[in-house]
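Have a look at the structure below before the remarks.
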Amino acid sequence: DKVLMMATTTSTDNTGLLDVLAPVFKADTGIELRWVAVGTGKALELGKNCDVDVLLVHAPDAEEEYVAAGYGTERTQVMYNDFIIIGLQEDRAGVKGKTVSETLRLIAEKRAPFASRGDNSGTHKMELILWKNAGLAVPDREPWYIQTGQGMINTISVASERDAYTLTDRGTYIKYEDTMKGNPPLVILVEGDRVLRNQYSVIAVNPEKCPTVNNDLAKTYTTWMASEKAQKLIAEFKLMGKQLFYPNAGEN
Amino acid sequence: MRGSDSPLYRLEDLAFFYGERFELHIPKLDIPEGCTIGFIGPNGGGKSTLLKILSFLEHPHQGTILFSGVKVTPDANPFRRQVTILPQEPYLLKRTVFENVAYGLKVRGEKQGIRKKVHEALEQVGLMPGSFTSRSWHELSGGEAQRVALASRLILRPRVLILDEPTTSVDQSSALLIKESINACRRKLNTTLIISSHDHLWLNSVTHDIRKVYQGRIVGFATENLIFGPWKKSTDSLYEKILPDGQVIHAVSPQDAGATAILDPSDIVISTAHPDHLSAQNTLSGIVTQLSIEPFSDTMIMELNCGGQTLLCRITSNAARELNILPGERVWAVFKASSLRWY
Amino acid sequence: MRGSDSPLYRLEDLAFFYGERFELHIPKLDIPEGCTIGFIGPNGGGKSTLLKILSFLEHPHQGTILFSGVKVTPDANPFRRQVTILPQEPYLLKRTVFENVAYGLKVRGEKQGIRKKVHEALEQVGLMPGSFTSRSWHELSGGEAQRVALASRLILRPRVLILDEPTTSVDQSSALLIKESINACRRKLNTTLIISSHDHLWLNSVTHDIRKVYQGRIVGFATENLIFGPWKKSTDSLYEKILPDGQVIHAVSPQDAGATAILDPSDIVISTAHPDHLSAQNTLSGIVTQLSIEPFSDTMIMELNCGGQTLLCRITSNAARELNILPGERVWAVFKASSLRWY
Amino acid sequence: MDYLAQGLIDAIRLLMSLDEETFSAILTTLRISSLSILMSLSIGIPCGFGLGYFDFPGKKPIRSVVDTLLAMPTVVVGLFVYAFISRRGPLGEFGLLFTIPGIAIAQTILVLPIVISLTATAIESLDRRVRFTLISLGAKRSQIALASLLEARYAVLIAVITAYGRAISEVGVSMMIGGNIKWNTRTITTAIALETGKGQFSMGIALGIVLLLLAFLVNGSLAFLRKRS
Amino acid sequence: MDYLAQGLIDAIRLLMSLDEETFSAILTTLRISSLSILMSLSIGIPCGFGLGYFDFPGKKPIRSVVDTLLAMPTVVVGLFVYAFISRRGPLGEFGLLFTIPGIAIAQTILVLPIVISLTATAIESLDRRVRFTLISLGAKRSQIALASLLEARYAVLIAVITAYGRAISEVGVSMMIGGNIKWNTRTITTAIALETGKGQFSMGIALGIVLLLLAFLVNGSLAFLRKRS
Ligand SMILES: Nc1ncnc2c1ncn2[C@@H]1O[C@H](COP(=O)(O)OP(=O)(O)OP(=O)(O)O)[C@@H](O)[C@H]1O
Ligand SMILES: Nc1ncnc2c1ncn2[C@@H]1O[C@H](COP(=O)(O)OP(=O)(O)OP(=O)(O)O)[C@@H](O)[C@H]1O
Ligand SMILES: [Mg+2]
Ligand SMILES: [Mg+2]
């Protein structure tokens, strides 16, 4: 039996995308896909330790570093979704429709509560970039800046309990909308900015560093994910009638 | 409440069960205030069970207990602190000797003079306070532990002091001391004393009101002899029990083969020579093993060993003097078959 | 190994401490195989400690024990299964009576005939197997529990049987039974018996080799009288101890005021009238409380109560007969001041 | 393997450098665990005593339920408490969510079964004579409870230590109710979870060592109590 | 609040519908916890007996260490074991990561301190006469151990139940070592963590109820043992 071990981030697992892809992959190639869903940092660490064969992650800078250090090969981008800023309908800082940088400046100025994941995840890294882009220092001990150090859903929960704004990926937000029966306390306020794109890539663990990994299977998987069939499946994957991921294999 | 006419304890139609196996049944028992009453009897007779009931640790399954005229209920009992029991196997709290003896005072909220009282109580049981107070509960010999437990009861100056075999594993001179301490309690504080013991002599020196507890019943008085079955039919009307050495005891119509006979020591006549031509059906030869004075009377108890069966016989001091019998001699015990009453 | 010339136990210069407080010290003690030896003495004397050492439960801090000629070491002891002890406060395993009695056989890997042996052992201690085997450990009276514990030792048929106060809380007829059981052990199996007890009479009926253990030392024989201090100087060479009733005992040069004197019962002369013109300095008046035969001899032990001090006196049976003394009578005990030896 | 060695070095560095973040987490941890252990002892020990000492109808089923609750996952306790104290919950108005008292309440619920069950067993394992002795010496109900607990002090102490260990080491409740908010409700364990999630395994180990040191100190002071008593 | 009620309904539905995913998780949970409890008992009970029964130099420090390890967070145990069994770790070649035996080993390490500490206390709390009685009746060392444990059976049983509760309810180790792989190493607790992480609180509660039912059944069978003995 051919088993491919993958480390991935929680978003792909939590949304249920992998549950759709894995059976088809097995039917096509006879390979059973097993995955552990962890934070991006931990996923990369598992790769470094040769405990998995392939990674599906979304932190471009860390990924490049990882590949450059020789731990991974064949980084292939497969899909993206985007980040959004959500907050209360009342929108006390008045950020609705503003650009991302303006939004952050307004929040900092009004000292409106903002929930940050603070866990080095792809989302957190994106947030750090956004602060920098806005020309602001990353807040730390400000009372309005809530660093949860938790997963996305929990961070959204914290934000809603504290009437805070937060940055989230759209997939998780749709999931959240779903559990709130379509009537979430936090709504989308800022979206669509090009910088908010959230790119997912597949990386095979380098067999030179890790002789025990199944590099062949990893290659097969990478190819399959970039295949038209898989790309179509990704595009068709919907929650509440909404598309979560946008395939972009081969695009640059 | 405390009617001077009603006895301290009145037990009526009381019953306590351990499953099907054992039943303590007491149709009626009065214990007047200030008296001393002793219980004696074979193992498993029910002494400890009775004492636990009298100290309100167990509640009977049937019948009533009146304590100074008031009915005792199973729960919250206003008299609990007036009664204290030294159990058969006393337990010492895992603390020092001092704290063990002082515990009862402390829970009563006493704060003053505890030290002095503890020392007195220890002295009463023959333990030198200096050497014992600071010891831990396990740094004691068996008899010392027994006496610490007693001291922790004496210190309470209770209205009723119940002692379940207080002299087990206590040496003889301490047994004497204990006797004096509890007698002092009675004299000075009019404490009612309820005591069980297997040490007949010791118990006798503390009280002359000794009851026998046997198979869950109070069956008369201490010095009575119990003669156990099996009995088998010998002649038309007589039954017999054969002693280990071949001698025979005759009795009249036991209820069943395993029945137990009671023989009053006063019903036995002693002879220094083998008696002939006597109407009594029972003549047993035996060795005198012990002679002791009976307190508060002009009689003496003679203990005979008749081929393994111990018989207590009551004789007057005069008779003893005339017969000039000493331990180690052979005598004959004579009694009627009809003197054996059935339990 | 089992040299017929070497005694079963040989203790040499043995010492055992409980901190600073107590020291058991035995310069030399031999116990031959097959004998019966008794230990008696006041509470805290060290009997239990000695018996624990003899049963290899404690190891002395100093000195050696040879067991059938082999030196005993603190750890792995090849003789452990040859010796068993009934402790002063026996503990029953939280199982049924049957399992308690059978446990020793089971750990020895015996499988056959256990049922029969358990029944026999229970009968030996006077418990009917039918009514007891299936009971749980806590469904027993004090004396019954004591006897179950004894049965679980008797069943082992050990080479050495050590009993620490085996008759506490056991009734008199069971005490007789126990005596017979352990005597049978000795007769049939040549078991060595080591027994402590406070019941002088009972112990006396089991063995005539009774030692007194006092303040951690073996101080001679059982019937010796101990007279405790305080002593105070009266005349030039004499010291005196005043008894509760005012009578005085004179002694010669105690080491210190708290010293304890030993008085051999054979050193006391009994008189039925107040003796005059006697050279002995001590003449105490007392009431005879008890007379008992001494086994294996033609003597008798008379127990006197001299104003609170118990004195044991040894007289020949002939003398007893001639004097015609009975319990309850007043007599005079006469002995020399120099008869008091110092412990 | 490297993590372990690196973790040890990091642990020493953390403690030596008086790292502010770490000390904030240590303080939060100590606050929460002291609060929760005090609450759970003051509820759990009396309940455990009652369950071990008295005979009453329904005792056995209650005991079974308590024993079963020993298997309650922290996350479930977290969810349960969250349902009550979240804004929309019945106790929402007290604003306990994401606060130290909130975590302490949830931890109390988590460790209560341990305290109750182990205390009840400690009392049940006592010599059966203790009860009669205390009653016959005149102790009233609360005095009996106190004295019985003292008789069983070793077993009760180990109940306390086990409960404390559980409280200080749990993460689910602290995460769910506390929110792992930096400088605020972040405890050592939630910090460990965070670092581990980041892939900073050696930092996780380092914080784990810090936690164990803390536990060692707390146990040490309890052992000191044990000695004195 | 709603999700508590909803959780109850979901729990019934999960069990009634014989939901395959749930049953896979139940089975995995049972397998792991049985394995880990067996291992921890067979190591921990002898160790606990030794620690409670014998006096030896270093006994007290060892006891303190064991008591401290009660405060070991699951994640730290997970990291620790991970360091050994990861491919690059010294035991990497056995491929224990992401497997049931791997989780069981880590859980064993997690609950060992509980078993050892509570067993030691159970033995220490025994009447001091037990030891002498067993020796004098001729029991050899292993027989003494067995009989002492039987004398302390209630306290030992509660040690087992506490340890089992800890093993079945922990999530950090199962997550770290097991990886929460669906159909494979997903246990009830990791499923709860997953569902909670997704915001499916009622599902988390439902799975929590399932877990407690499981624990109740296991305890029930142990209570049955307790009755028979
Ligand atoms: N908890 C119990 N369960 C069942 N039976 C019991 C229980 N306790 C005692 N018994 C039985 O009840 C009877 C009376 O016991 P009790 O302890 O009152 O006797 P006792 O007269 O004090 O005997 P002893 O002289 O041996 O102390 C005995 O036959 C005993 O076996
Ligand atoms: N564990 C202990 N620690 C300290 N001292 C002890 C300990 N056990 C006994 N002792 C002391 O040692 C002495 C001897 O005790 P032991 O039990 O041998 O006496 P004993 O002769 O058996 O007395 P008893 O007739 O009361 O049973 C006593 O003074 C006692 O107080
Ligand atoms: Mg009794
Ligand atoms: Mg003794």
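Naming convention: chains lettered A, B, ... in sequence-line order (proteins, then strands); numbering from 1 in each chain. Here the structure is a predicted model, which is why all the values come from computation and not from measurement.
In terms of heavy-atom pairs under 4.5 Å with chain D, the best-connected choice from E:Thr189, E:Ile209, E:Thr196, E:Leu214 is E:Thr196. Annotation: maximal heavy-atom pairing with chain E below 4.5 Å, among D:Leu207, D:Leu212, D:Thr74, D:Val75, occurs at D:Leu212. Put simply, of D:Asp127, D:Thr68, D:Leu69, the one with the most heavy-atom pairs under 4.5 Å next to chain E is D:Thr68.
Taken to the nearest 0.5 Å, the CD atom of E:Glu195 stands 11.0 Å off from the CG atom of D:Leu79. Put simply, OG on D:Ser169 and CZ on E:Arg166 are 4.5 Å apart, with the number rounded to the nearest 0.5 Å. Atoms CD1 and CG, on D:Ile161 and E:Asp67 in that order, are 4.5 Å from each other to the nearest 0.5 Å. In this structure, the separation between OG on D:Ser117 and CD1 on E:Ile158 is 3.5 Å, given to the nearest 0.5 Å.
Residue D:Phe98 qualifies as enclosed at atom CZ: its count of foreign heavy atoms under 6.0 Å is above 12.
Of the candidates D:Leu211, D:Val171, D:Thr187, D:Leu211 is the only one forming a side chain to side chain contact (heavy atoms under 4.5 Å, CB included) with E:Pro73.
With a 4.5 angstrom heavy-atom cutoff, E:Ile168 touches chain D only via side-chain atoms. The contact between D:Thr162 and chain E is made by backbone and side chain atoms together, counting heavy-atom distances below 4.5 Å. D:Leu118 touches chain E through its side chain: at least one heavy atom from C-beta onward sits under 4.5 Å away, while N, CA, C and O do not. Interface residue E:Ile205: backbone and side-chain heavy atoms are both found under 4.5 Å from chain D. For E:Tyr164, no part lies near chain D; criterion is any non-hydrogen pair under 4.5 Å. Heavy atoms closer than 4.5 Å to chain D are found in the side chain of E:Met176, but not in its backbone. Interface residue D:Tyr82: backbone and side-chain heavy atoms are both found under 4.5 Å from chain E.
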